[in-house]
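Take a look at the structure set out below.
Residue numbers count from 1 along this sequence.
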Amino acid sequence: MIAKSELAAMRNAKVSGHLSQYAPVWIVEETYDLVDHQLTFHAVFQHNLYGWVKRRYLYDAHNDVLYHKGQLSLSEDAAMPIIANAPDFNTTVADTPNAYGG
């Protein structure tokens, strides 16, 4: 069985390249499945086309694969309590115009 901290570290290594284009990004609502080595989580960020979004992902550590499981729009009021905390992924230089539009 894998530990939560190890599963989270593996997830972070996998998603850092993808999520850094949207930085700053906050990770919320993590759910661990330690038996199947999976981690479900939501990433909250301000998308250059869609505004504030909350994307659901599933990270499968056994196969080292990240699955996109859908997206919800967030109002700024709903995002405020989340962004009051330090982001989980940040960058010193944002490349928002060239971020993936999907």
Just to verify, what does Asp36 make a salt bridge (Lys or Arg N to Asp or Glu O under 4.0 Å) with, not counting sequence neighbours?
none
Any non-hydrogen side-chain atom of His47 less than 4.5 Å from a side-chain atom of Trp52?
no
Leu19 to Val25 - nearest heavy-atom pair and separation:
O-CG2, 3.4 Å
For residues Tyr57 and Ala43, report the shortest heavy-atom separation together with the two atoms involved.
CE1-CB, 4.0 Å
Aromatic rings His18 and Tyr22: how do their planes relate, parallel, tilted or perpendicular, breaks at 30° and 60°?
perpendicular
Can you list every pair that meets side-chain hydrogen bond (donor to acceptor under 3.5 Å, both in side chains) and has a residue in residues 59-70, with sequence neighbours left out?
Tyr59-Asp64, Asp60-Asn63
State which residues pass side chain to side chain donor-acceptor pair (under 3.5 Å) with Lys14; sequence neighbours excluded, sorted by chain then number.
none
Could you walk me through whether Phe41 and Thr31 pass side chain to side chain contact (heavy atoms under 4.5 Å, CB included), step by step?
CA-CA 6 Å; Phe41 65 96; Thr31 305; over 6 Å; no
Rounded to the nearest 0.5 Å, what separates atom CG in Leu72 from atom NE2 in His42?
7.0 Å
Mind jotting down which residue pairs meet the salt bridge (charged side-chain N to carboxylate O under 4.0 Å, His left out) criterion with at least one end in residues 19-31? Sequence neighbours excluded, please.
Arg11-Glu30, Glu29-Lys54
Would you say that Val44 contacts Val53 through its side chain, given a criterion of any heavy-atom pair below 4.5 Å between the two side chains?
no
Quick one: do Phe45 and Phe89 end up in the same hydrophobic cluster if we chain Ile, Leu, Val, Met, Phe, Trp and Tyr together by side-chain heavy atoms under 4.5 Å apart?
yes
Quick one: do Leu66 and Ile2 end up in the same hydrophobic cluster if we chain Ile, Leu, Val, Met, Phe, Trp and Tyr together by side-chain heavy atoms under 4.5 Å apart?
yes
If you look only at distance, which donor and acceptor atoms sit under 3.5 Å apart when one is on a side chain in residues 75-88 and the other is two or more places apart or in another chain?
{"residue": "Ser75", "atom": "OG", "partner": "Ala78", "partner atom": "N", "Å": "3.1"}
{"residue": "Asp88", "atom": "OD2", "partner": "Ile27", "partner atom": "N", "Å": "2.7"}

First locate atom CG of Asn12, then atom CE of Met10, and finally report the distance between them rounded to the nearest 0.5 Å.
11.5 Å
Decide whether Leu39 and Val35 are clustered together by the hydrophobic rule: side chain heavy atoms of Ile, Leu, Val, Met, Phe, Trp, Tyr closer than 4.5 Å, transitively.
yes
Counterpart residues, side chain to side chain contact (heavy atoms under 4.5 Å, CB included), relative to Ser73 (two or more places apart)
none
Nearest heavy-atom contact between Ala61 and Leu7 is CB-CD1, 3.3 Å
If the condition is salt bridge (Lys or Arg N to Asp or Glu O under 4.0 Å), which residues does Glu6 pass it with, not counting sequence neighbours?
none
Nearest 0.5 angstrom please: Ser5 OG to Tyr32 OH, how far?
8.5 Å
Taking atom CD of Gln21 and atom CG of Asn48, what is their separation to the nearest 0.5 Å?
9.0 Å
